[in-house]
2 protein chains.
Amino acid sequence: METRTPTKPDYETMARQLKVLSDPRRLEILDVLIGGVQCNCEIGDHLDMAPNLISHHISVLRKAGLVRAERDAVDARWIYYSINEESLAAISETFGQFFSPGRIKPRRPDCGPKAVTLTSGHHRQSSARCQ
Amino acid sequence: METRTPTKPDYETMARQLKVLSDPRRLEILDVLIGGVQCNCEIGDHLDMAPNLISHHISVLRKAGLVRAERDAVDARWIYYSINEESLAAISETFGQFFSPGRIKPRRPDCGPKAVTLTSGHHRQSSARCQ
DNA sequence: GAAATAGTTCAATGAGCATTGAAATAATTC
DNA sequence: GAATTATTTCAATGCTCATTGAACTATTTC
């Protein structure tokens with residue numbers, strides 16, 4: 001009988017995705033991009049970060065599939081970054097499900113020494129173990 | 001005019017919370033706890049981790065307020081861990097909102113050299129900057 | 001009180017990673 | 001083609017943190 005999620009989640013993959021999101025600079029960059037700002041120069045204006053640092057964090061977000069890049073058709077020095085909406089939706093879905101409080105199951109009453117005690121009086125047998 | 005979330009999120013705090021969640025071992029522990037297993041011995045059986053490592057990760061989860069501990073009333077050597085439902089709900093709410101794809105705003109058209117080009121012909125003035 | 005059991009704390013190791021400044025690449029302008 | 005602009009890559013530094021084994025605390029059993 002399975003007590004966890006129906007299909008056991010890939011914790012390694014989930015952790016890797018969450019690690020990408022667990023940086024304040026990257027959260028701020030994401031927030032700016034979500035807000036509709038995609039011009040690199042304006043990103044720099046908002047963020048007060050060294051350009052190479054912005055570049056580094058954006059590359060992390062790109063490798064994670066969260067952000068896409070597109071060069072300007074007229075002046076190819078400019079690059080526009082944008083949120084990969086599908087990727088964000090997938091993350092939102094996955095973690096929304098995993099961390100949903102509704103998933104919490106009640107404490108299993110047949111576990112631990114208390115259970116043994118409750119059924120056989122004040123003293124339990126010495127080999128008492130859960131299950 | 002604000003283009004991001006109404007009240008600017010505390011990226012540092014969010015990142016710290018996400019960092020706690022960005023470990024495969026901690027995700028697995030959380031999943032076991034969410035599944036209703038709270039007896040330490042059974043946690044150990046499920047996780048195939050050294051007891052001191054379980055203890056370490058659980059202490060991280062406890063410091064983050066995600067997990068609570070309670071000693072067995074009969075045999076105080078046993079400790080039962082449980083999910084702090086309110087804390088999980090708060091996290092689910094915060095991140096569900098932040099990463100919601102519905103928040104994504106369209107690209108601002110008045111940004112970058114393309115905008116200048118579109119209104120003033122093929123050549124833009126050399127000092128062109130966004131906004 | 002000695003042995004056994006449940007769990008935590010400590011110290012050491014090593015890997016990963018954010019940050020910084022400088023150099024390099026790419027594209028455009030004059 | 002030299003200078004300028006936009007962005008990336010590189011190398012070095014230092015901090016954080018997961019992991020391990022050993023020692024320690026607390027509690028119960030005999």
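The sequence lines fix the lettering, A, B, ..., with proteins before strands; numbering per chain opens at 1.
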What's the [atom1]-[atom2] distance between [X] and [N], to the nearest Å?
{"X": "B:Met49", "N": "D:dT19", "atom1": "CE", "atom2": "C1'", "answer": "12 Å"}
{"X": "B:Ile79", "N": "D:dT27", "atom1": "CD1", "atom2": "C1'", "answer": "11 Å"}
{"X": "B:Lys19", "N": "C:dG16", "atom1": "NZ", "atom2": "P", "answer": "15 Å"}
{"X": "B:Arg26", "N": "D:dT16", "atom1": "CZ", "atom2": "P", "answer": "15 Å"}
{"X": "A:Arg71", "N": "C:dA26", "atom1": "CZ", "atom2": "P", "answer": "9 Å"}
{"X": "A:Arg77", "N": "D:dT5", "atom1": "CZ", "atom2": "C1'", "answer": "5 Å"}
{"X": "B:Trp78", "N": "D:dT25", "atom1": "CH2", "atom2": "C1'", "answer": "17 Å"}
{"X": "A:Arg25", "N": "D:dT16", "atom1": "CZ", "atom2": "P", "answer": "15 Å"}

Item checked: Axial cation check for B:Tyr11 ring with A:Arg25, 6.0 Å and 45° limits ->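 The answer is no; the distance or angle limit is not met.
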Next item on the list: Name the closest nucleotide to the B:Asp23 side chain, picking from D:dT27, D:dA18, C:dT8.
Entry: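 From the listed options, D:dA18 comes nearest.
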Please enumerate all residues that pass side-chain contact (heavy atoms from CB on, under 4.5 Å) together with [X], with sequence neighbours excluded.
{"X": "B:Gln97", "answer": "B:Glu93"}
{"X": "A:Ala90", "answer": "none"}
{"X": "B:Ala69", "answer": "B:Arg62, B:Ile79, B:Tyr81"}

Margin query: I'd like to know if A:Arg103 and B:Asp31 make a salt bridge, using a cut-off of under 4.0 Å between side-chain N and carboxylate O.
Written below: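 Result for this pair is yes, salt bridge flagged.
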Next item on the list: Return no unless some side-chain N or O of B:Tyr81 is found under 4.0 Å from OP1 or OP2 of C:dT8.
Entry: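 Affirmative; the distance criterion is met.
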Check: Does A:Tyr80 put a side-chain nitrogen or oxygen below 4.0 Å from OP1 or OP2 of D:dA6?
Finding: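 No, A:Tyr80 has no side-chain N/O under 4.0 Å of OP1/OP2 on D:dA6.
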Margin query: Does anything in residues 51-66 of chain A come within less than 4.0 Å of DNA chain C? Heavy atoms only, and list the residues if so.
Written below: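 Only A:Asn52, A:Leu53, A:His56, A:His57 qualify.
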Margin query: Using the side chain to side chain donor-acceptor pair (under 3.5 Å) criterion, which residues pair with B:Arg26? Sequence neighbours excluded.
Written below: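 Partners of B:Arg26 under the side chain to side chain donor-acceptor pair (under 3.5 Å) test: B:His57.
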Checklist line | Residue list, side chain to side chain donor-acceptor pair (under 3.5 Å) with B:Asp10, at least two apart or on another chain | finding: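 If we apply the side chain to side chain donor-acceptor pair (under 3.5 Å) test to B:Asp10, skipping adjacent residues, the hits are B:Thr13.
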